[in-house]
Amino acid sequence: MFVFDESLLQSHQFGSECVSFMLGCLEELASSLAGRGITFQWRRGDQVEQVVQAAREWKADVVYWNRDYEPEAIERDRLTQQQLGKLGVAVRTFKDHVVFEASEVRGATGEPLQRYSAYRARWWNRWHAMTPAVQSIPVPLAAKNTAPLPISRPLPSASELGYDPVVPWIEPGERNAMKRLRWFTEGPIHSYAQSRNLPAVDGSAKLSPHFRFGTLSPRMAIHAALNALAKGGRVSRPDVLTWVDELIWREFFQQVLVAFPHVAKGPFKAVIVPSPRPAGSERDRLFRAWCDGKSGYPIVDAGMRQLNQTGWMHNRVRMVVASFLIKDLRIDWQSGERYFMQHLVDADMAANNGNWQWCASTGTDAMQGYRIFNPALQSKKFDPDGAYIRRYVPELVGVPVSKIHEPHLMSLDEQDRYGCHIGADYSTPVVDHQLARQEYLNLGKQETTT
Ligand SMILES: Cc1cc2nc3c(=O)[nH]c(=O)nc-3n(C[C@H](O)[C@H](O)[C@H](O)COP(=O)(O)OP(=O)(O)OC[C@H]3O[C@@H](n4cnc5c(N)ncnc54)[C@H](O)[C@@H]3O)c2cc1C
């Protein structure tokens, strides 16, 4: 049974990409259940009320669900369990979203871990101590005393839920997840350590929405990666282990959210960082330019346009655009976090919040001082021939490699020659990176001494 939560739908904290992907996954689930003679049920409304009402109508004696680790979901599930208890209905919950829950990977004295490196070491200890098996398909339970279930209704469309219907750029459903996992672990995983940083290359798994929506289990993915390692051949150990490390980052941020739920509403740690630019028209102009991919920094603009057009953005570029918003434009990281949630197909509170806080230097990052990415240097290093930029910023298609990372440095002659006029065809940079960087560092010093 699936409940479309009315208040969540109304809040629009997720976007059309995310909702369309989820609907695609539900369509596949409904048809795969139908193949097993099970009618998929869905309802719309308040989640707690709908589950309790369904349990009553169907004379359920037990309700099963997988645990969710977001603070509001924990409270929702607690309330549901309480109300079902009053009806005499039992509840059984399962771990499914992660390999290890927060309580399973702790420090020496049982404390939750705040540093990724320590968490990673303990995570591997745990894995080696009791490697969790991939779950087999469960045997059907014998139904007893239940009322007959209503026949399945077609799922609502994205428009009926109040969202734009879009064809997800990453294909939804378990079958597609398995196909992509197989493709990735048979090939690209073996060069992952290098190619994962190149946004023009299809070098990462692009499985994040599947982990987000449960169409791929992290246990299965890790076993597939380690099997690729075990097969030898052209396998590269550091590549495979780097990929597994990324899945451990995912688990790390899930446990941060459980152990430190205050991160959902504010900084992980009370550090002194430069205050964001005050509210007003200048802040709004800069934020708009960032959102629309019109900042005048090609790598930032390519990233934001990739996000707006596809609902996905390359990880390296996510870090660059986040640093640019927070440190060059001095806009609060929560605005960026919200924008990502509303546009990403893999929008996930734990991963999104953890990474935004990492970029804002308010999170679990062990680095002293402020990490400020230089967009032009990042671009030259990771998109050396400008292929990614040209894919998403067509105004720059005719600009040669020597100028594509900083097109505003072209002379007027060059602008004529390459058919791209700065300020007309392509934006003038909204800020000067070197000045903005210095200003950020100066503000940081002032706030530390006051
Ligand atoms: C500012 C910012 C916001 C982000 N928001 C999200 C988000 O809302 N949802 C989300 O799933 N990821 C988020 N990430 C992490 C990362 O960018 C994506 O998980 C990754 O790009 C997904 O692509 P992939 O499946 O090809 O990853 P791969 O490189 O193939 O990695 C495999 C898996 O590991 C996990 N993973 C990889 N990198 C990270 C990371 N840095 N943190 C946590 N998990 C990771 C993902 O589940 C991913 O699918 C964010 C990163 C940044 C810098």
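All residue numbers refer to positions in the sequence shown, counting from 1. Just so you know, ligand 1 is whichever comes first in the structure, and atom 1 is the first atom listed for that ligand.
At the shortest separation from atom 25 (O) of ligand 1 among protein heavy atoms lies L207 N, 2.9 Å. Taking atom 4 (C) of ligand 1 as the reference point, the nearest protein heavy-atom neighbour is N352 OD1, 3.6 Å. At the shortest separation from atom 29 (O) of ligand 1 among protein heavy atoms lies Y192 OH, 2.5 Å. The protein heavy-atom contact nearest to atom 1 (C) of ligand 1 is W356 NE1, 3.5 Å. Remark: minimum distance from atom 23 (O) of ligand 1 to any protein heavy atom is reached at W312 CZ2, 3.3 Å. Looking at atom 8 (O) of ligand 1, its nearest protein heavy atom turns out to be D348 N, 3.1 Å. Ranking protein heavy atoms by distance to atom 9 (N) of ligand 1, first place goes to D346 O, 2.8 Å. Taking atom 33 (C) of ligand 1 as the reference point, the nearest protein heavy-atom neighbour is L247 CD2, 3.8 Å.
Between R76 and D68 there is a salt bridge, since at least one side-chain N of the basic residue sits less than 4.0 Å from a carboxylate O of the acidic one. A salt bridge is absent between R277 and D284: the closest approach of a Lys/Arg side-chain nitrogen to an acidic carboxylate oxygen does not fall below 4.0 angstrom. Salt bridge status for R212 with E17: absent, with no side-chain N to carboxylate O gap under 4.0 Å. Residues R67 and D77 are not paired through a salt bridge, judged by the lack of any N-O separation under 4.0 Å between the basic side chain and the carboxylate.
Inspection of the Y426 and D301 side chains reveals an N or O donor paired with an N or O acceptor under 3.5 Å. Using modelled atom types and a 3.5 Å distance limit, the side chains of E101 and S103 yield no donor-acceptor pair. A side-chain donor from one of Q306 and Y388 sits under 3.5 Å from a side-chain acceptor of the other.
Under the 30°/60° scheme for interplanar angles, the aromatic rings of W124 and H128 are found to lie parallel. Ring geometry for F94 versus Y64: interplanar angle under 30°, hence parallel rather than tilted (30 to 60°). Aromatic ring pairs are classed by plane angle as parallel below 30°, tilted from 30° to 60° and perpendicular above 60°; the pair H223 and W127 is tilted.
Put simply, CZ on R122 and CZ on F100 are 13.0 Å apart, with the number rounded to the nearest 0.5 Å. Within the model, atoms OG of S204 and CH2 of W243 stand 10.0 Å from one another, a figure rounded to the nearest 0.5 Å.
Interface of A347 with ligand 1, defined as ligand atoms under 4.0 Å from a residue heavy atom, comprises 8 (O). Each of the atoms 1 (C), 2 (C), 3 (C) of ligand 1 lies under 4.0 Å from some heavy atom of F340. Applying the 4.0 Å criterion to heavy atoms of R250 picks out, from ligand 1, the atoms 43 (C), 44 (N), 47 (O). Of all the atoms in ligand 1, the ones that sit under 4.0 Å from a non-hydrogen atom of F253 are 42 (N), 43 (C). The contact set between ligand 1 and F211, taken as ligand atoms under 4.0 Å from a residue heavy atom, comprises 47 (O), 49 (O).
Look at M319 and you'll find a heavy atom under 4.0 Å from some atom of ligand 1. Contact annotation: W243 has at least one heavy atom less than 4.0 Å from an atom of ligand 1. Heavy atoms of K206 approach ligand 1 to within less than 4.0 angstrom. Taking a 4.0 Å cut-off on heavy atoms, W358 fails to register as neighbouring ligand 1. Contact between F184 and ligand 1 is absent, with no heavy atom of the residue lying under 4.0 Å from the ligand.
Ligand 1 has no nitrogen or oxygen under 3.5 angstrom from a nitrogen or oxygen of H314. Distances between N or O atoms of M341 and those of ligand 1 include no value under 3.5 Å.
Among A205, C359, A351, P188, the residue whose heavy atom lies closest to atom 10 (C) of ligand 1 is A351. The residue among R318, R316, Q254 with a heavy atom at the shortest distance from atom 6 (C) of ligand 1 is R318. When the heavy atoms of S208, G354, A225 are ranked by distance to atom 22 (C) of ligand 1, first place goes to S208. Considering only non-hydrogen atoms, atom 17 (O) of ligand 1 lies nearest to N315 out of L344, N315, D245, N355. Here the shortest heavy-atom distance to atom 45 (C) of ligand 1, taken over E246, R196, H210, belongs to E246.
Remark: side-chain polar atoms of R391 are paired, donor with acceptor, to backbone N or O of A200 under 3.5 angstrom. The backbone N or O of D348 sits nowhere less than 3.5 Å from a side-chain atom of N352 that would complete a donor-acceptor pair.
A cation-pi arrangement is absent between R318 and W356, since the terminal nitrogen or guanidinium carbon is not both under 6.0 Å from the aromatic centre and inside a 45° cone about the axis.
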